[in-house]
Amino acid sequence: MAKKERINFSKIGAIAAATGSAVGLGNILRFPYLLGESGGGAFLLVYILCVVFLGLPVMISEFSIGRMAQANAAGSFRTLAPKSKWWLVGLMGVISAFLILGFYVVVSGWTLEYIVQALSNKFANASTAQLNQVFTDFSTNTYRPVGWMLLFTALTCFIIIAGVKNGIEKSTKLMMPLLFLIIIILGIRSITLPTGTEGLKFLFKADFGKINSEVILSAMGQAFFSLSLGMGCMITYGSYINKDNNLSSTALQVTIFDMLVAVLASIAIFPAVFSFGINPAQGPELVFITLPNIFSRLHGGYIWAVMFFVLLALASLTSTISLLEVIVAFLTEELHISRAKAAIVSSLGIALLGILSSFSLGIWKDFSLFGYGFFALFDSITSKILMPVGGIFISLFVGWRIDKQKILLELSSNGKYKIPFLNIFLLITRYLAPLAILLVLLNQLGLTKWLGF
Ligand code: PFF
């Protein structure tokens, strides 16, 4: 019996969907802070090296696995390495996706609250202390963040139910150009502030004195999270890439776009922060307290605030749909349940984790498991353990398990494209990537110090 043709993204659709997955809270909430804190231009250089020598090859590996097997994350490993335990790597990815969503949807929900606050001009004339209070009151509130989180999860579920073409491809083709437009406008606005160039100088001035092994490892970890690697997301999306498309150039474009947004977000945020002499805070505070503070003092602050939080919501949504697709593709193909049912059941599970995460910042603040509240627990398990472990096995799988000839055929679309870098690619997937990621893993588990690094 002929196998049913798998649904394919169009060429632009594949880039929009994968870039949508990569560009997310990691680019806007975390990268700018890392850049400002860890040596500016020097950090950027280290980050670019990590992306080129680690991120890009692992993304190409994930795309190849998915497209070769034409299946979900776990099914791909089963198809390519039958009667082995490799499928567990894919299953681990599905579990990662579930846990990442468990905290990611909470912050995604906050973006909706802040769009509403921006629209109702809540930041105007508010003092720093007031904005601080607003954020603390909101994020520790029992019901309000949960309400937004549920809405965000429902939105994600709705797009996934609409399908790979009509849901994922259509929505990301619409949202990604809008996202780029907004971030470019915000970047220009920031540079043209009176002290904009000074802010830029601070941001990009290369301070190599700040580069140490800790910073290098955190750049690698950031590259991994930002490019959605190590958990089957790019395997699942790779399975929808058309057989005629050039996998390596698709991956290259996605990585470039992802870096571009991270740098543009830094440009949009930092010069503005410095123009007002405010101390840059880390992560959520930077975006949910410092930025509203700036918007409140800026001419036309209302419109900038609205644009910024819409940007954040779009970036989150295109990432959450990619995460949910990992789970839904797995459930529909492995357990043979309908797409709608799979999306609804997994969304209910995610909502439950989301409630635990949200409560752990408020009423359950004092409850901890292994020393972490639920929010921090889901974040730590995935980014510190599951994603690096997944990345190591994915590289080893492509480097050692799959036949070299088969990889060449996949990467070249059966000879259509030239792949002059095959040997370097294999060298990286066999040795460099697994070893480098192992170091990240050991470092995150606090074992590098113990080993005397
Ligand atoms: N890459 C996203 C970000 O930078 O926010 C997060 C993410 C999305 C991680 C999808 C993993 C994933 F599968």
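One-based numbering, in listed order, for ligands and for the atoms of each. Each residue takes its place number in the sequence, starting with 1. Values in this document were obtained by computation on a predicted structure and should not be read as measured data.
Looking at Ala22 against ligand 1, only its backbone comes within 4.0 Å, counting heavy atoms. For Phe225, heavy-atom contacts with ligand 1 shorter than 4.0 Å involve the backbone as well as the side chain.
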ring-ring contact (aromatic ring centres under 6.0 Å, His included) between Tyr431 and Trp400, intermediate numbers included: CA-CA 10 Å; Tyr431 306 102; Trp400 297 98; 5.6 Å; yes
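The Ser322 neighbourhood of ligand 1 comprises atoms 10 (C), with distances under 4.0 Å to a heavy atom of that residue. Near Ser226, the atoms of ligand 1 lying under 4.0 angstrom from a non-hydrogen atom of the residue are 1 (N), 4 (O). Atoms of ligand 1 found under 4.0 Å from any heavy atom of Ser21 (numbered from 1 in listed order, with element): 1 (N), 2 (C), 8 (C), 10 (C). Residue Cys233 has at least one heavy-atom neighbour below 4.0 Å for each of these atoms of ligand 1: 13 (F). The atoms of ligand 1 that sit less than 4.0 Å from any heavy atom of Tyr104 are 2 (C), 3 (C), 5 (O), 6 (C).
Residue contacts with ligand 1: Ile100 is placed with no nitrogen or oxygen under 3.5 Å of a nitrogen or oxygen of the ligand (distance criterion only). Considering backbone and side-chain atoms alike, Leu227 places every N or O at 3.5 Å or more from each N or O of ligand 1.
No close placement of the Phe374 and Phe359 rings is indicated, their centers lying 6.0 Å or farther apart.
The stretch residues 173-182 participates, sequence neighbours left out, in these side chain to side chain donor-acceptor pair (under 3.5 Å) pairs: Glu169-Lys173.
Listed by chain and residue number, Ser383 satisfy the side chain to side chain donor-acceptor pair (under 3.5 Å) test with Asp379 (two or more places apart in sequence, or in another chain).
Counted by atom type alone, Ser96 and Thr382 present zero donor-acceptor pairs between their side chains at under 3.5 Å. Defined by atom type and a distance below 3.5 Å, a donor-acceptor pair is missing between the side-chain atoms of Ser239 and Arg67.
For the residues Gly20, Gly93, Ser228, Ala18, the heavy atom positioned nearest atom 11 (C) of ligand 1 is part of Ser228.
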